[in-house]
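Data first, discussion second: the structure below is written as C-alpha cells.
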There are 2 protein chains.
Amino acid sequence: MKPGYREIKDWIFARIESGEWKEADLIPSEPELVRQFGVARMTVNRAVRELTSEQVLTRVQGLGTFVAQPKYQSTLVEIKSIKDEIAARGHVHRAEVLILKQIASDGARAEELGLAPGEPLFHSRILHYEDELPVQLEDRWVVPAQAPDYLAQDFGTTTPNEYLVRAAPLQRVEYSIDARLPEAAVGKRLKMAAGEPCLRLHRRTWSRGAVASVADLWHAGSRYQFAGAF
Amino acid sequence: MKPGYREIKDWIFARIESGEWKEADLIPSEPELVRQFGVARMTVNRAVRELTSEQVLTRVQGLGTFVAQPKYQSTLVEIKSIKDEIAARGHVHRAEVLILKQIASDGARAEELGLAPGEPLFHSRILHYEDELPVQLEDRWVVPAQAPDYLAQDFGTTTPNEYLVRAAPLQRVEYSIDARLPEAAVGKRLKMAAGEPCLRLHRRTWSRGAVASVADLWHAGSRYQFAGAF
DNA sequence: GAGTGGTCTAGACCACAAT
DNA sequence: TTGTGGTCTAGACCACTCC
C-alpha cells in the first residue's frame, strides 16, 4: 500500500505531467488538499515539501505553491575516479608515477593557482593503465599550503584524488572538457597515433576558501569517452 | 533563529565532517536524539529523513541509521541547449537547416533506433552559428512514430531539441562524449583547420518506452568546450 | 483580517530486524 | 520481545503576503 504522502505527490505530479497544471500555475493550498484527501496537514505538507525540494514546485510563504520551471534539458556527465572506473569494468588499474616534485610556479599557472610567481608548487604526473594499456595521463599541480605532505604520498597505490579529498576537503570544482591534439610527450606516453586527438579534462578545485589544485587529465580519443545515462 | 530540525541536521553533519562519525557508523536513534534535543520525534525524523534524501545518511528499518558512503568525487557537466547557451553569452544564435528529410534506416543506425532496416526514418542536419561563426553541427535521426510532424517543423527558429521535448517527453537519455577527427563534410561546415579534432556528443533519447532519437553534436575542438562548476 | 506556508508537539500504530 | 524506522493524526503558534 502506497503511503498517503506518496499518493498526494503522485497525484500532483500527474497533473503537471499531463499539462493540466502548467509552469507558474498556483496549485491547491495545503488546507484544500487536506480536505480533498482527508488527511492531516502534516501529510499534505510532507508531500508538497518533498516536491519542492525536488524542484517540481516552488513555494512562497503567504502566497502559495506554484509549479516550478521545467527542468533544463541537460546531460550530466559524471567523471568518477579513474581507478574506480577501471575496477568497475573488471579490469586492473595500475599507476606509474612519472613526476613528483616541487617546482617554482610560473606566470599562467601561478595565476590559476592564486600563487605569486616563483612560489613553490607541487607537481605530479601520473600515467594510469587499464590492463597494461595507458588510458589517462594525469598532470596535477597542488598548492603546498593545502596539502603539505603531497610529495610524501605513494601515488602508485593511492591516487592524488583520493589523497586530496582527505587532505583538502572539496569546496568547489570548476572544470572544462575539450578536444585537442596532445603535447608531444603526452601523446607518446599514451601510445597515441600521430594526429590522434585527446579528450582533455581540465579541473580546478578549491578548499578552505582558496585554490587547492589544478589538474589536466589527458585521454586518448580513440580509447576513452565520458559516458552515462539518466 | 534556526528551526529545530535544521539545528539537528547541522549537528549531525558537523559530526560527520569532523570525522567523529565515519562511513557506515551507526548514529543515535530517533528516540535518543529526541531525548538529547528535547524535541518531538517528528522534528528529529524530519532532520534525519532529509539528510537521508541528501545521501548523507542511510536508514534501514529495524536496524538503524548509518553514515552513508561519502559522495563520489565527481564532475558534472551540464549540456544545455546550444541556443540558450549562446543567448546566455549575449551572442546571436542562428540555425541553418542543411538536411531535413525522410530516409530509409540502414543497418547500424536502424539497430540503435530499434527499427527494422529499410523502415522510414527522419534525418536532420542543422548548423548552429554563434555570431556568424559555426559552432555546432547537429545530426539527428528521429523515429517517425515518436514525432510524426518532425519534417514539418521550422528548425530555423525552433531547435529540434525544443520540438522533441514537447512531442516526445523525455524518459531516458544515454550519452557519450569523445574526441575524434570529423568526417570531411563536418569539418568543412564547421570551418575547421585540417587535422583539428572535434568534441563530439552522441546522445540517444527514449520516450514512451522506446528510442525516440539519436543525435550527434559536433563541435570544433578549438572553439568549443563543455564547462561548469559546482 | 484572511489566507498562505513554516514549524512543532505528543501522542499513535505499523513493519521490520535482531535477540 | 525489544528497539529500530515509517507513517500518520489533530491540533497549535508563528511569519509572511495581500487586500
Side-chain angles (χ1 to χ4, degrees), chain A residues 1-18 20-71, chain B residues 1-18 20-71:
Chain A
M1 192 45 200
K2 210 164 23 173
Y5 77 93
R6 199 55 257 181
E7 202 86 52
I8 299 171
K9 280 181 76 172
D10 291 350
W11 182 82
I12 294 173
F13 197 77
R15 235 124 229 92
I16 294 173
E17 271 233 307
S18 74
E20 184 175 336
W21 296 346
K22 294 190 210 328
E23 182 184 342
D25 276 2
L26 182 68
I27 79 161
S29 70
E30 292 196 358
E32 201 146 332
L33 291 169
V34 164
R35 278 190 296 278
Q36 187 170 330
F37 285 90
V39 297
R41 190 181 151 215
M42 275 298 264
T43 305
V44 165
N45 179 267
R46 174 169 177 183
V48 179
R49 184 156 37 77
E50 289 194 357
L51 284 173
T52 302
S53 84
E54 290 160 19
Q55 311 202 8
V56 173
L57 301 173
T58 60
R59 318 194 78 178
V60 184
Q61 199 177 33
L63 247 181
T65 303
F66 306 85
V67 177
Q69 229 181 16
K71 276 187 208 159
Chain B
M1 192 46 200
K2 208 161 32 169
Y5 77 92
R6 195 62 255 182
E7 202 85 54
I8 298 171
K9 280 181 77 173
D10 291 349
W11 182 82
I12 293 172
F13 197 77
R15 235 125 229 90
I16 294 172
E17 270 235 306
S18 75
E20 184 175 336
W21 295 346
K22 295 191 209 326
E23 183 184 340
D25 277 2
L26 181 67
I27 80 161
S29 70
E30 292 197 359
E32 201 147 332
L33 291 170
V34 164
R35 279 190 296 277
Q36 187 169 332
F37 285 90
V39 296
R41 190 180 152 215
M42 274 298 263
T43 305
V44 165
N45 180 267
R46 176 170 177 184
V48 179
R49 184 155 38 74
E50 289 193 358
L51 283 173
T52 302
S53 84
E54 290 160 20
Q55 312 203 4
V56 173
L57 301 173
T58 60
R59 317 193 79 177
V60 184
Q61 199 177 35
L63 249 180
T65 303
F66 306 86
V67 177
Q69 228 180 18
K71 274 189 208 155

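Numbered from 1 within each chain, the chains take letters A, B, ... in sequence-line order.
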Partners meeting side chain to side chain donor-acceptor pair (under 3.5 Å) with A/Thr43 (sequence neighbours left out) =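 Not a single residue meets the side chain to side chain donor-acceptor pair (under 3.5 Å) criterion with A/Thr43.
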For A/Arg41, enumerate each residue passing the side chain to side chain donor-acceptor pair (under 3.5 Å) test, keeping only those at least two apart in sequence or located in another chain.
->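 Testing A/Arg41 for side chain to side chain donor-acceptor pair (under 3.5 Å), a comparison that skips the adjacent residues, returns A/Glu30.
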Residue-phosphate contact under 4.0 Å: [X] side-chain N/O, [N] OP1/OP2:
| X | N | answer |
| --- | --- | --- |
| B/Thr65 | D/dG5 | yes |
| B/Ser29 | D/dT4 | yes |
| B/Tyr5 | C/dT7 | yes |

Minimum heavy-atom distance [X]-[Y], with the two atoms named:
| X | Y | value |
| --- | --- | --- |
| A/Ala47 | A/Tyr5 | CB-O, 3.4 Å |
| A/Leu26 | A/Phe66 | CD1-CE2, 3.5 Å |
| B/Lys9 | B/Glu50 | NZ-OE1, 2.9 Å |

Measure the distance from [atom1] on [X] to [atom2] on [N] and round it to the nearest whole Å.
| X | N | atom1 | atom2 | answer |
| --- | --- | --- | --- | --- |
| A/Leu63 | C/dA2 | CG | P | 19 Å |
| A/Leu33 | C/dT4 | CG | P | 11 Å |
| B/Gln61 | C/dC13 | CD | P | 17 Å |
| B/Glu32 | D/dG5 | CD | C1' | 14 Å |
| A/Leu26 | C/dG3 | CG | P | 14 Å |
| A/Leu51 | C/dG5 | CG | P | 13 Å |
| A/Glu7 | D/dG6 | CD | C1' | 16 Å |
| B/Glu30 | D/dT7 | CD | P | 11 Å |

If you draw a 6.0 Å radius around CZ in B/Phe37, do more than 12 non-hydrogen atoms from other residues or ligands fall strictly inside?
->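 Buried by this count: over 12 neighbours within 6.0 Å.
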With DNA chain D as reference, determine whether A/Gly4 or A/Gly62 sits nearer its 5' end, using the nearest nucleotide of each.
->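 Upstream on the strand: A/Gly4.
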Is the base of C/dG6 touched by the side chain of A/Arg41 through a donor-acceptor pair closer than 3.5 angstrom?
->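 Indeed, a donor on one side and an acceptor on the other fall under 3.5 Å apart.
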Selection: residues 42-49 of chain A, any non-hydrogen atom under 4.0 Å of DNA chain C |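 Heavy-atom cutoff 4.0 Å gives A/Met42, A/Asn45.
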Could you walk me through whether B/Ile27 and B/Ile16 pass side chain to side chain contact (heavy atoms under 4.5 Å, CB included), step by step?
-> CA-CA 10 Å; B/Ile27 80 161; B/Ile16 294 172; 5.7 Å; no
